[in-house]
Amino acid sequence: MTRPDPTTLLLARAFPEAPELAATQRLDRFLQHYWRQRWLLLPGALADDPDLPDLLDGDELAGLACEEDADARIVFTKGQHFHQETGPFDPQRFAALGDADWTLLVNGVDLALPGFEPLLRLLRFVPDWRLDDVMVSFAAPGGSVGPHFDHYDVFLIQAQGRRRWELGDRCDGPRYDRTSDEGLDLVSNFDPAHVVHCEPGDVLYVPPGLVHHGIAETPCLTLSLGLRAPSTSDLLAAWTHACMEPSGELPLELDPPLPADPGTLAPETIELARRALRDALLRNLDDADPTRFTHWLGCALTQPGRDAGPELPEPMAAEALAARLAAGALLERSPGARLLRHDDGQIRSLFVGGQAFPTDGASDRALGQLVDGSVIGSGELDTAADYALAAELYNAGWLYLVDPGEEGA
Ligand code: SIN
Ligand code: CO
């Protein structure tokens with residue numbers, strides 16, 4: 001399998017002690033020894049990225065935090081104590097924050113501002129459905145969100161300023177006590193095993209469950225690229241829900257033969273319930289039609305994360321879309337769009353935003369470009385079915401049109 005180039009870029013300066021490693025060996029080493037196990041500093045990974053310094057600044061972030069639908073919070077540090085206020089905020093709030101000991105965090109910044117797609121594409125060594133969102137923090141010196149661990153893999157990109165990171169060892173979160181004061185889920189008595197400093201262009205990988213604590217040493221802007229994955233219980237609950245018959249089921253037979261004491265939960269009832277549920281769970285999984293299960297999983301994994309989904313455009317027919325593309329317009333994927341394709345040799349499916357789109361007659365080239373390419377022009381679409389599929393995705397808001405000369409919006 002050929003590895004996508006962007007990946008090799010992210011890891012290009014990893015393992016400075018082993019400069020002889022080829023790009024694929026770097027990736028293999030990362031996946032084998034660090035991925036989901038240990039933190040890794042990628043020094044200067046994005047130091048040459050011309051767009052990173054200008055992506056956004058603290059003022060723009062504050063502007064986003066004032067928008068009505070902002071998922072934003074400000075965390076204040078006072079010694080060993082932390083408390084937070086949740087947004088959206090009044091613009092006046094920022095004038096009163098002072099010069100130290102606070103952090104503004106905004107989730108889903110990639111959905112609100114353009115320009116984050118190239119960063120997200122650096123992570124294509126994991127499946128696209130794992131991309132969650134870009135959270136951005138701006139911190140005054142001393143600002144921190146407290147020692148904690150996340151349930152996600154996260155790549156922390158230092159965009160501006162300098163941040164000190166205190167890190168635990170090998171996914172050690174569960175061994176600490178948790179404190180959940182003021183809605184913050186922190187660990188107490190954190191004794192860091194490692195300390196690193198991040199400067200602009202450095203990237204720090206932190207696996208799920210590893211305790212980390214980032215303290216701004218100067219005003220600093222940090223981007224968190226989160227990689228979501230459902231827990232077993234999330235997925236099991238969703239599949240069980242999908243298998244439920246809405247009606248027509250008879251009540252479970254849970255009565256012991258002779259209820260000795262009607263006010264007691266009888267051991268027989270407990271055993272009957274356990275057996276009935278286990279049989280139902282196994283039946284729902286083992287007897288599931290493979291096509292139905294695949295369809296369900298493709299939809300489940302591409303569900304939009306934090307947002308309900310993209311804004312819907314004025315609907316456009318495939319012919320009108322073809323005319324726009326022929327005139328030089330390009331289609332781009334909307335921020336937050338996660339596309340997955342699947343081919344079992346008989347059925348080709350395309351899952352986008354929790355929905356399956358029909359691919360009958362669409363060319364492999366068009367499907368490949370929709371999923372892997374950065375833009376789609378008339379050169380990438382061949383058949384009428386390609387245009388019909390592109391129009392469906394456009395009408396569902398997962399693709400948008402950029403006219404010639406117009407910047408992506
Ligand atoms: C931050 O950006 O301040 C915190 C990010 C994190 O620790 O996950
Ligand atoms: Co974190």
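We count ligands from 1, going down the list as the structure has it; atoms in each ligand are counted the same way. Basis for what follows: all heavy atoms, side chains included, without hydrogens, waters or symmetry-related copies. Only a predicted model underlies this, so the values are computations on that prediction, with no experimental measurement involved.
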Practice task
Taking atom CG of D99 as the centre, report whether more than 12 heavy atoms of other residues, nucleotides or ligands fall under 6.0 Å from it.
Solution key: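 Counting other residues, nucleotides and ligands, CG of D99 stays at 12 neighbours or fewer.
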Problem - Residue and atom name of the nearest protein heavy atom (relative to atom 4 (C) of ligand 1), distance in Å to one decimal - result: V145 CG2, 3.9 Å
Handout entry: Protein contact of atom 7 (O) of ligand 1 - nearest heavy atom, named by residue and atom, plus distance
Key =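 Ranked first by proximity to atom 7 (O) of ligand 1 is H148 CE1, 3.0 Å.
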Exercise for the section: Examine the side chains of R341 and S349 and answer whether a donor and an acceptor come within less than 3.5 Å of each other. Expected result: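 There is no such pair between these side chains.
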Could you tell me whether the side chain of [Y] reaches within less than 4.5 Å of the side chain of [X], counting heavy atoms only?
X    : Y    : result
L184 : V75  : yes
P315 : Y394 : no
M135 : V106 : no
L64  : E67  : yes

Completion exercise
Atoms of type N, O or S from protein under 2.8 Å of the Co ion (ligand 2), total 3
Completion exercise
Logged contact type for V154 with ligand 1, heavy-atom cut-off 4.0 Å, is neither
Exercise for the section: Examine the proximity of ligand 1 to R163 and report which part, side chain or backbone, both or neither, has a heavy atom under 4.0 Å away. Expected result: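 Side chain only.
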Which ligand 1 atoms, with their elements, are less than 4.0 angstrom from a heavy-atom of [X]?
X    : value
S137 : 1 (C), 2 (O), 3 (O)
D150 : 8 (O)
W165 : 7 (O)

Contacts table for residues 167-176: side-chain donor-acceptor under 3.5 angstrom, sequence neighbours left out:
{"unit_1": "D169", "atom_1": "OD1", "unit_2": "H194", "atom_2": "NE2", "d": "3.2"}
{"unit_1": "D172", "atom_1": "OD1", "unit_2": "V211", "atom_2": "N", "d": "3.1"}
{"unit_1": "D172", "atom_1": "OD2", "unit_2": "D169", "atom_2": "N", "d": "2.7"}
{"unit_1": "Y176", "atom_1": "OH", "unit_2": "D191", "atom_2": "OD1", "d": "2.5"}

Exercise for the section: Return the set of residues passing ring-ring contact (aromatic ring centres under 6.0 Å, His included) with Y34 (not counting sequence neighbours), or none when no residue passes. Expected result: F15
Practice task
Not counting sequence neighbours, which residues clear ring-ring contact (aromatic ring centres under 6.0 Å, His included) with H342? List them please.
Solution key: none
Exercise for the section: Specify whether H295 and F351 have parallel, tilted or perpendicular ring planes, treating 30° as the upper limit for parallel and 60° as the lower limit for perpendicular. Expected result: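 Rings of H295 and F351: perpendicular, over 60°.
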Handout entry: Nitrogen or oxygen of T222 less than 3.5 angstrom from that of ligand 1
Key =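 In this structure, T222 places no N or O atom under 3.5 Å from an N or O of ligand 1.
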Problem - Any H213 heavy atom less than 4.0 Å from ligand 1 - result: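 No, H213 has no heavy atoms under 4.0 Å from ligand 1.
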